[in-house]
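In what follows, a structure is listed as structure tokens, so that the remarks can point back to it.
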There are 2 protein chains.
Amino acid sequence: MAVTMNDVAKAAGVSLKTVSNVINNYEFIRPATKQRVLDAIDELGYETNLTARSLRSGKTKMLGLVLADLSIPYYAELASDIMKAAWSRGYRVLVEQSGNEAEHEKAALQGQFRSLTDGLLFIPLTLGAQQIIDAAGKKPLVLLGEFVQDPRLDMVLIQNHEAAAAVTTHLLAGGRRRIAVLGADDGETTGSAGLRLSGYKAALADAGVEYDPALVVRCEWRRDGGAGAVARLLDSGADFDAVFGLNDALALGALHELLVRGKRVPEEIAVAGFDDIEEARFASPSLTTVAPGRAEIAERAVELLIERIEGNMAAPEVRQLQAAFELRVRKSAT
Amino acid sequence: MAVTMNDVAKAAGVSLKTVSNVINNYEFIRPATKQRVLDAIDELGYETNLTARSLRSGKTKMLGLVLADLSIPYYAELASDIMKAAWSRGYRVLVEQSGNEAEHEKAALQGQFRSLTDGLLFIPLTLGAQQIIDAAGKKPLVLLGEFVQDPRLDMVLIQNHEAAAAVTTHLLAGGRRRIAVLGADDGETTGSAGLRLSGYKAALADAGVEYDPALVVRCEWRRDGGAGAVARLLDSGADFDAVFGLNDALALGALHELLVRGKRVPEEIAVAGFDDIEEARFASPSLTTVAPGRAEIAERAVELLIERIEGNMAAPEVRQLQAAFELRVRKSAT
DNA sequence: TACTTTGTCTGCAACGATGTATTTCACCAG
DNA sequence: CTGGTGAAATACATCGTTGCAGACAAAGTA
């Protein structure tokens with residue numbers, strides 16, 4: 001059997017509660033007593049049973065993180081940052097993969113996953129604001145960067161519109177006029193895709209360049225999606241001199257397909273992405289993209305969530321933060 | 001306050017214990033009673049408090065996973081697979097990033113992290129077998145794929161030697177004779193680096209090609225490490241017609257640097273890696289590499305660990321499994 | 001009829017910590 | 001010497017489950 005507080009208490013000749021007090025840094029303990037307890041802890045190799053503490057205190061010191069899939073580089077990198085941010089504040093992170101399915105997202109918002117965590121960081125992909133509000137329990141919840149915008153929810157936002165506009169403006173400045181967009185529907189206006197598309201449109205309008213819906217291609221936000229979309233564009237004989245992948249995976253897939261097809265990048269066709277994943281820097285040619293402020297998002301989201309958990313949840317003023325983005329100009333679109 | 005078993009019991013007009021029995025599928029319960037309890041659960045929206053269950057039962061239904069960093073694609077992809085494998089068996093995974101530091105690895109083996117999990121999947125990078133055995137508690141532990149080999153520990157192994165030999169043989173078959181190796185020390189014989197290096201040497205020997213220590217470059221197993229290593233090779237005027245990165249990140253970094261320097265790949269210099277991360281398929285040119293059986297490793301490791309957790313731990317026969325590997329020939333080295 | 005067996009359900013204690021309320025004690029002012 | 005004060009330590013209940021032992025019918029056996 002494991003060593004318990006009781007064992008320590010006996011060894012140190014104090015009450016169980018005093019041991020608890022020492023461990024929790026209770027203010028009023030005589031240094032001598034404290035030392036005696038500490039020695040006993042050392043000697044017996046005692047370690048607090050976190051499960052018991054959780055049951056009693058109602059806190060687990062764990063944050064939940066719901067994302068589509070860790071095998072997607074952007075999420076993996078974000079998760080890594082979030083775990084570090086949480087760790088430095090004494091929290092652990094329990095990751096749940098939604099696989100981009102509504103059922104899984106809903107399950108993560110409610111249910112037992114919640115009971116294991118003190119609060120949730122959630123990157124919604126299929127659920128809308130109302131569904132989230134309906135499904136979510138009472139525990140703190142912070143939405144991340146992507147899909148949903150709603151005045152009733154705490155969130156840390158990516159500047160989807162502005163950053164996409166910046167990318168587009170950069171392509172336009174390079175003399176490109178026929179910029180294909182990968183990963184959106186022509187009519188889309190909400191979610192990451194919609195917001196980024198609207199940024200693209202706004203930049204075109206600013207530059208007096210006409211918007212051509214034929215250059216907007218719907219596909220999965222993965223490398224193979226990007227590759228397939230570009231293949232279809234080329235096969236259809238569409239005329240374009242640049243490709244804007246709404247995330248880096250799309251852009252990298254497109255880049256690959258273009259090169260395979262013998263197109264020169266950026267001479268014939270420029271390519272730009274969105275996310276600035278590590279891979280972008282080492283692509284050949286290196287990928288021009290926009291860094292949405294991943295580290296800042298992780299940091300602020302964790303901070304905000306923990307504030308909600310530990311602070312008076314009574315202060316119900318919704319907080320919505322925006323991360324600063326930064327254009328990263330590289331070889332694929334100079 | 002949350003709904004407890006007691007509330008359900010009252011609502012259903014049975015004892016608390018009966019509710020517990022229903023939830024745990026105890027055999028002898030009259031269907032009518034069972035239904036009444038189930039209805040009450042539904043009506044009240046009861047959900048088991050996992051913390052309380054853990055405290056009482058001593059099981060958390062969580063597996064720990066210790067790896068260097070989720071931002072490294074291979075680990076992220078492996079983690080994703082592991083989480084899915086665990087999920088399908090009713091377990092969750094709690095990830096801990098060691099940051100490749102001995103202190104963190106040790107901390108994860110002992111301490112509170114252990115108490116949150118029923119067993120541990122561990123990818124050791126700095127700790128040796130003896131240190132692991134000394135540090136580890138009594139809970140089940142399965143080592144993954146990489147570093148350590150020891151008859152006293154359960155593990156699922158990558159065929160480092162054989163797979164590296166296969167890659168080297170492939171390069172040799174393509175007519176390459178001066179194959180640089182990135183990510184190892186000349187003298188190294190243990191760990192992933194040592195084992196892969198020895199596979200490389202063996203393949204050379206088999207082909208009657210002389211081993212040149214000057215072609216073995218030590219560096220960090222990251223993209224920038226690979227890029228830097230190749231840069232140093234080129235600057236030193238070394239003569240080589242192929243590069244074998246001991247993992248894909250190294251190879252991709254090297255590939256990038258070679259192309260930046262105007263080398264033609266694979267015509268002048270072939271490049272091959274190890275791991276077959278998703279990114280390898282979409283590099284330009286696509287990366288020849290070896291798939292170490294990631295999905296199988298995840299599956300078997302989880303299976304083995306859960307077997308240890310749930311089975312009689314009394315059966316102390318150490319199990320060491322090997323995953324099948326597969327060479328993936330692509331454009332960077334045909 | 002009396003006694004076991006089987007099925008169904010219940011009560012109590014316990015997992016290992018923390019919150020609240022309370023007690024003990026030392027110290028100092030009046 | 002008493003009373004008041006605050007520091008230091010303690011007692012007890014409690015968080016929400018599950019393990020264990022037992023109660024109590026109904027059914028089977030002798």
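In what follows, chains are A, B, ... by sequence order, proteins preceding strands, each numbered from 1. Predicted model, so just to flag it, every value in this text is computed and none were measured.
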- Task: Report the distance from atom CG of Asn49(B) to atom C1' of dT14(D), rounded to the nearest whole Å.
- Result: 13 Å
- Please state how far atom CZ in Arg56(A) lies from atom P in dC15(D), giving the value in whole angstrom units. 7 Å
- Pair Val14(B)-Val37(B), side chain to side chain contact (heavy atoms under 4.5 Å, CB included): steps then yes or no: CA-CA 8 Å; Val14(B) 296; Val37(B) 171; 4.0 Å; yes
- Rounded to whole Å, the CD1-P distance (Ile29(B) to dG7(C)) equals 14 Å
- Flag for Ser71(B)-Asp69(B): side-chain donor and acceptor within less than 3.5 Å: yes
- Query: OP1, OP2 of dT18(D) versus side-chain N and O of Arg53(B): anything below 4.0 Å?
  - Reply: yes
- Between Thr18(A) and Ile29(A), what is the shortest heavy-atom contact and its length? O-CD1, 4.4 Å
- Message: So if I take every side-chain heavy atom of Thr18(A) and compare against dA9(D), dC9(C), dA17(C), which nucleotide ends up nearest?
- Response: dA9(D)
- Query: What residues in residues 7-17 of chain A put a non-hydrogen atom under 4.0 Å from any atom of DNA chain D?
  - Reply: Val14(A), Ser15(A), Lys17(A)
- Query: Touch check for Leu55(B), heavy atoms < 4.0 angstrom, all strands: base, sugar-phosphate only, or nothing?
  - Reply: base
- Query: For the pair made of CZ in Phe28(B) and C1' in dG22(D), what is the distance, rounded to whole Å?
  - Reply: 16 Å
- Met5(A) side chain, from C-beta outward: closest of dT18(D), dA17(C), dG16(D): dA17(C)
- Going by atom types alone, do Glu101(B) and Thr126(B) pair a side-chain donor with an acceptor below 3.5 Å? no
- Could you tell me whether Thr4(A) contacts a base, only the sugar-phosphate backbone, or nothing, with contacts defined as non-hydrogen atoms closer than 4.0 Å? sugar-phosphate
- Specify the separation, in whole Å, of atom CG of Leu44(B) and atom C1' of dG16(D). 15 Å
- Task: May I ask you to check whether Gln130(B) and Arg152(B) show a side-chain donor-acceptor distance below 3.5 Å?
- Result: yes
- Salt bridge check: are Arg319(A) and Glu307(A) linked by an N-O gap of less than 4.0 Å? yes
- Residue closer to the 5' end of DNA chain C, Ala52(B) versus Lys34(B) (nearest nucleotide): Lys34(B)
- Item | Glu299(A) and its salt bridge (charged side-chain N to carboxylate O under 4.0 Å, His left out) partner, picked from Lys84(A), Arg89(A), Arg294(A) | Arg89(A)
- Task: List for me each residue that meets side chain to side chain contact (heavy atoms under 4.5 Å, CB included) alongside Asn24(A), sequence neighbours excluded, and say none if there are none.
- Result: Ser20(A), Arg53(A)
- Do the side-chain N or O atoms of Asn24(B) get closer than 4.0 angstrom to the phosphate oxygens (OP1, OP2) of dT18(D)? yes
- Determine the contact category for Thr51(B): base if any of its heavy atoms lies under 4.0 Å from a base atom, sugar-phosphate if only primed atoms, P, OP1 or OP2 are that close, otherwise nothing. nothing
- Length of the line joining Glu27(A):CD and dG6(D):P, which is rounded to integer Å: 13 Å
- Query: Over how many whole Å does the gap from Asn6(A) atom CG to dA11(D) atom P extend?
  - Reply: 11 Å
- N or O in side chain of Tyr46(A) less than 4.0 angstrom from dA17(C) OP1/OP2: yes
- Query: Below 4.0 angstrom from OP1 or OP2 of dT18(D), is there any side-chain N or O of Ser20(B)?
  - Reply: yes
- With the side chain of Asn21(A) defined as its heavy atoms from C-beta on, choose the nearest nucleotide among dC9(C), dG7(C), dT10(D). dT10(D)
- Ser57(A) side-chain N/O to dG19(C) phosphate OP1/OP2 under 4.0 Å: no
- Note on the structure: Rounded to whole Å, the CZ-C1' distance (Arg36(A) to dA9(D)) equals 11 Å
- Query: Any donor and acceptor pair, going by atom type alone, linking the side chain of Arg92(A) with main-chain N or O of Met62(A) inside 3.5 Å?
  - Reply: no
- Give a yes or no on whether the backbone of Leu125(B) and the side-chain of Glu105(B) come within a donor-acceptor separation of less than 3.5 Å. yes
- Query: In degrees rounded to 10°, what angle is found between the helical axes fit to the five outermost pairs at each end of the helix from dT1(C)-dA30(D) to dG30(C)-dC1(D)?
  - Reply: 60°
